[in-house]
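Notes follow the structure.
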Amino acid sequence: MDKLTVTGGRRLEGQLRVHGSKNAVLPVIAATVLNGGKNVIRNCPNIKDVYSSIEILRYLGCEAELKDNVLTVDSTQMTGDTIAEELMRKMRSSIIFMGAILSRCGKAKISMPGGCEIGLRPIDLHMRALKQMGVKISESHGYIHCSADKLSAEEIHLEFPSVGATENIMLASVFVKGSTIITNAAREPEIVDLQDCLNAMGARVSGAGGSVIRIDGVEKLHDVQYTVMPDRIVAGTYLVCAAITKGSVIVDGVRPDHIEAMLSVLREMGSSVYVSTNSVVCIPGKTIKPADYIRTMPYPGFPTDIQAPFMALASVAQGTTIFAENIFESRYKHVQELLRMGADIKTDGRVAVVRGVNKLTGANVAAGDLRGGAALVAAALAAEGVSEIGNVEYIDRGYENIEKNLSLLGAKIKRVKS
Ligand code: EPZ
């Protein structure tokens, strides 16, 4: 497993462009099986979760190539309707393929996705919605078998605005005669991107970004060339890396309207933040102040995915910040590693109390999940001395070339291949 070594204490300065969104491109990749044609997805990030999705596409009989951030997918010859266990285990969010495979093949077989580093990750909301649409679902030997002779257009209420369940229903209903309505739908920008991609293929989806999404079934979809949105969590992570090192950084290619909740907390914590159409400038204040209370919420609330990086920033604030992680039940794996670096953090269930310390010290730490790993990188950039961060493949799942991008901003960071 690769490691990163980071020598802390250097201010980040400079400009970088943020890559395409992991959480937008994954459902868009699933959508490329729908039309049985040739699709081109641009601004596709070079990250491990995309490589895993390409493996799934190939396992299903599609052709898929990623070159220079352009993914081409030919789903004409798709033959499979099953996602093998080892592929599901590589990436839990492969569940997002279920709706698309059902739409294309009328049946789907996937292995139970199981939990992951941040929680149990149940799929009951996905299952309940598909059953309501007429999908027959059985489970045996660790696999979920779905089949549907005919899917019906229903009004589906989500008891929680699940991102994945919203996307699965959208993908499962594009060919369903009539109007499928999702109420209490997730409002994340990635849902809007999926809507825009599906409509570019000839689907009729409306309402994404709001709590009610309508999908009017169509007969077929055509080839698409689509450019996915920038990654709002990666953008926020680099802004935190600037703030924690008291450096000034310009992040280009970001949609400022996607990251308003994060920018508001960055300002509360002492940074001056200026936005233009597609870039954000973060200039440090004299001190890093605590945030009063950071509660993760569904969009447009404060994103759970940026909680860990902001906890690294709060670890060196002049005061106490309280966190409440309301989305996932075990998303504090980075706390024990931050403690090794001298942070003062107490957790109790979903609450974490972070008392800022004057400085963190470099230590040997290990990523326990994707965003927790990014938090350790941010902390190491500010820490006194050298840190070694293990399990870097977690970070590689969602951050393209993190060491290259941070080096461009002046960080002393390198990858040690294992
Ligand atoms: C998506 O995960 C993202 N992943 C996550 O990003 C993100 O944290 C999450 O949405 C919330 O914004 C992708 O888009 C690939 P959910 P997803 O369904 O769809 C519970 C990252 O770091 N739930 O909105 O799995 C669930 O346990 C990743 O980039 C059910 O109970 O999230 C969680 O507590 C991590 N039953 C909450 O809802 C279900 O059937 C939110 O889950 C589904 C979800």
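Counting starts at 1 for both ligands and their atoms, in listed order.
Side chain to side chain, T72 and E65 fail the donor-acceptor criterion of an N or O pair below 3.5 Å.
The shortest separation from a heavy atom of I118 to ligand 1 is under 4.0 Å, placing the residue in contact. Ligand 1 is approached by R92 to a heavy-atom distance shorter than 4.0 Å. In this structure, M297 does not count as a contact residue of ligand 1, since none of its heavy atoms falls inside 4.0 Å of the ligand.
A salt bridge links R232 to E190: one of the charged nitrogens lies within less than 4.0 Å of a carboxylate oxygen. The pair E403-R415 counts as a salt bridge, with a side-chain nitrogen and a carboxylate oxygen less than 4.0 angstrom apart. The pair R128-E159 counts as a salt bridge, with a side-chain nitrogen and a carboxylate oxygen less than 4.0 angstrom apart. Between E85 and R89 there is a salt bridge, since a side-chain N of the basic residue sits under 4.0 Å from a carboxylate O of the acidic one.
When each atom of ligand 1 is checked for a heavy atom of R331 under 4.0 Å away, the hits are 8 (O), 22 (O), 35 (C). Interface atoms of ligand 1 facing R371, defined by a heavy-atom separation under 4.0 Å, are 21 (C), 22 (O), 29 (O). Per-residue contacts place K22 under 4.0 angstrom from the following atoms of ligand 1 (heavy atoms of the residue considered): 21 (C), 28 (C), 29 (O). If you number the atoms of ligand 1 from 1 as listed, the ones under 4.0 Å from a heavy atom of P122 come out as 27 (O), 30 (C), 31 (O), 36 (N), 39 (C), 40 (O), 43 (C), 44 (C). The distance from ligand 1 to the heavy atoms of F160 drops below 4.0 Å at these ligand atoms: 37 (C), 38 (O), 41 (C). Those atoms of ligand 1 that come under 4.0 Å of a heavy atom in S93, given as number and element, are 15 (C). Within ligand 1, the atoms closer than 4.0 Å to a non-hydrogen atom of I123 are 39 (C), 40 (O), numbered from 1 in the order shown.
Remark: atom 28 (C) of ligand 1 lies closer than 4.0 Å to at least one protein heavy atom.
For R267, the CZ atom sits in a packed shell: over 12 heavy atoms of surrounding residues, nucleotides or ligands are nearer than 6.0 Å. Counted within 6.0 Å of CD on E86, heavy atoms from surrounding residues, nucleotides or ligands total more than 12; the atom is thus considered enclosed.
The shortest N or O to N or O distance between G164 and ligand 1 is below 3.5 Å. When only interatomic distances are considered, the shortest N/O to N/O separation between L26 and ligand 1 does not fall below 3.5 Å. Of the polar atoms of R121, at least one N or O is found under 3.5 Å from an N or O of ligand 1, judged by distance alone.
No part of E190 comes within 4.0 Å of ligand 1, judged by heavy-atom distances. Under 4.0 Å from ligand 1, the heavy atoms of T304 that appear belong solely to its side chain.
The closest side-chain heavy-atom distance from N168 to I123 is not below 4.5 Å. Between Y299 and I191, every side-chain heavy-atom pair lies at or beyond the 4.5 Å cut-off. Residues T5 and I413 form no side-chain contact, since every pair of their non-hydrogen atoms from C-beta on lies 4.5 Å or further apart. In this structure, M170 and I213 have side chains that are in contact, with non-hydrogen atoms separated by less than 4.5 Å.
Ring pair H145/Y143 is tilted by interplanar angle, where 30° to 60° counts as tilted.
By heavy-atom distance, the residue among I306, N168, D305 lying nearest atom 8 (O) of ligand 1 is D305. Nearest-residue assignment for atom 14 (O) of ligand 1 (options L370, I96, N23, T166; heavy-atom criterion): N23.
When only non-hydrogen protein atoms are considered, atom 33 (C) of ligand 1 lies nearest to I327 O, 3.3 Å. Residue, atom and distance of the protein heavy atom nearest to atom 32 (O) of ligand 1 are F328 CZ, 4.0 Å. Nearest protein neighbour of atom 40 (O) of ligand 1, counting heavy atoms only, is L125 N, 2.7 Å. Of all protein heavy atoms, the one closest to atom 18 (O) of ligand 1 is S162 OG, 2.7 Å. Of the protein's non-hydrogen atoms, the one nearest atom 36 (N) of ligand 1 is D124 OD1, 2.7 Å. Of the protein's heavy atoms, V163 N, 3.7 Å lies nearest to atom 16 (P) of ligand 1.
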Step-by-step side-chain contact (heavy atoms from CB on, under 4.5 Å) determination, C105 to M78: CA-CA 9 Å; C105 309; M78 177 172 161; 3.6 Å; yes

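Among V228, T32, I29, the single residue meeting the side chain to side chain contact (heavy atoms under 4.5 Å, CB included) criterion with L71 is I29.
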